Number of protein chains: 2
Amino acid sequence: MSNIKNNQESDAAIEQSFLLKQVGYNCLQAYLKIEPDIKKRLIRYQLKPVEFTVLSLISANPQINQKRLGHTINVSPPNLATLLDKMELRQLLVRKRNPNDKRSQILELTEKGQFLFGKARQQFEKNESIPNLSNDEQKQLLRLLQKIFL
Amino acid sequence: MSNIKNNQESDAAIEQSFLLKQVGYNCLQAYLKIEPDIKKRLIRYQLKPVEFTVLSLISANPQINQKRLGHTINVSPPNLATLLDKMELRQLLVRKRNPNDKRSQILELTEKGQFLFGKARQQFEKNESIPNLSNDEQKQLLRLLQKIFL
DNA sequence: TATTGTTATACTCTATAACTATA
DNA sequence: TATAGTTATAGAGTATAACAATA
């Protein structure tokens, strides 16, 4: 094989300088790089990332209702309903009618849900093992990202 | 209504301090915040974000093959095949057998594809109008994100 | 035997409309 | 009339297996 490299070979660097200037592209690529590790840490608890997020938010926000939860995690009401159905079937949480407004449902973790979240959470208590990022850089990164979405 | 706020009301802040420490969660939330604006800028060209990315990468990497393209954008070979089918039907690109290795397909933009990419690209030439981020902060953010996925 | 890409298909995720009940 | 949530369903996106052509 020739030493002259071209785009048909896998060791030539991809030219993507234009895309690398786009914040959205960078956020997505970074997430896609991290995602497999997150899934791997949760699979032993039979939790998907969004389910872990739901457990975390209910745990930290007792009596949160479905509207606020769905809004926070970008899940529409119909899709949240079916997601919560599955979690309620697994007895990780319960839905209770709000006595002050019987239209809304108050969400609470069961003991089983609290226990599972506690265990799963341990997987993320230490750092996420993001290679190439110092602690300072990680803190700086979180600050900048939160400026975008908070 | 009482002035005392609780989690059932929409103006109380969500407690998500644990999730906000997770790099993956932050990357995804930031992307989800930006995504609608990206889609809005591309819809007039009937392009999805991934299609714009494909145009950009082929444009910047003439004669790239499908394996390298798919690997760069996290699209599996079967799904890339059907995605490229649609774009080839729209005459935005062509697939040519590589004469040096007839297994692989070389990708090239058509004139129509080049023109469309040029027009669509103008939508992103200026800044992406990420509110709350100065130019310096944006550059810093890109540097940190690229440390993760490059 | 290994690699590139395709086809077919199943699975998951997301979006939309119509509905119930409560306010 | 408006809101919170549900049901049903369609559509888009993703994953898996089997395959053909080429190396």
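First the proteins, then the strands, lettered A, B, ... as listed; each starts at 1. Here the structure is a predicted model, which means the values were calculated and not measured.
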For [X] and [N], give me the distance from atom [atom1] to atom [atom2], rounded to whole Å.
X: A/I43; N: C/dT12; atom1: CD1; atom2: P; value: 11 Å
X: A/L80; N: C/dC13; atom1: CG; atom2: P; value: 14 Å
X: A/E88; N: D/dT7; atom1: CD; atom2: P; value: 11 Å
X: A/Q105; N: D/dT3; atom1: CD; atom2: C1'; value: 14 Å
X: A/L32; N: D/dG13; atom1: CG; atom2: P; value: 14 Å
X: B/E35; N: C/dC13; atom1: CD; atom2: P; value: 16 Å
X: B/K67; N: C/dT4; atom1: NZ; atom2: C1'; value: 8 Å
X: A/Q46; N: C/dT12; atom1: CD; atom2: P; value: 13 Å

**Request:** Side-chain contact test, heavy atoms from C-beta onward, threshold under 4.5 Å: evaluate it for B/L107 versus B/R95 and give yes or no.
**Result:**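 Sidechains of B/R95 and B/L107: in contact.
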**Asked** Would you say the side chain of B/V23 lies within less than 4.5 Å of the side chain of A/Q138, judging by non-hydrogen atoms?
**Response**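 They are in side-chain contact.
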**Prompt:** Between B/R103 and A/R97, which is nearer to the 5' end of DNA chain C once each is assigned its nearest nucleotide?
**Reply:**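 Per heavy-atom nearest nucleotide, the more 5' residue is B/R103.
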**Prompt:** Taking for each residue the nucleotide of DNA chain C with the nearest heavy atom, is it A/K102 or A/K86 whose nucleotide lies nearer the 5' end?
**Reply:**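 Of the two residues, A/K86 wins.
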So which nucleotide from [options] ends up closest to the side chain of [X]?
X: B/S104; options: C/dT4, C/dT16, D/dT7; value: C/dT4
X: A/D101; options: C/dA23, D/dT6, D/dA23; value: C/dA23
X: B/D85; options: C/dT7, D/dT22, D/dT6; value: C/dT7

**Request:** If the plane angle is over 60° it's perpendicular, under 30° parallel, otherwise tilted; pick one for B/F52 and B/F117.
**Result:**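 The arrangement is tilted - the two ring planes meet at 30° to 60°.
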List, with names and distances, any nitrogen or oxygen atoms from the protein found under 3.5 Å away from nitrogen or oxygen atoms belonging to nucleotides 8-11 of chain C.
none

**Asked** Which residue, A/R95 or A/K39, contacts DNA chain D at a nucleotide closer to its 5' end, judged by nearest heavy atom?
**Response**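 Here A/R95 is the residue nearer the 5' end.
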For [Y], does its backbone N or O pair with a side-chain atom of [X] as donor and acceptor, under 3.5 Å?
X: B/N79; Y: B/T82; result: no
X: A/N132; Y: B/I148; result: no
X: A/S104; Y: A/N98; result: no
X: B/N61; Y: A/I14; result: no

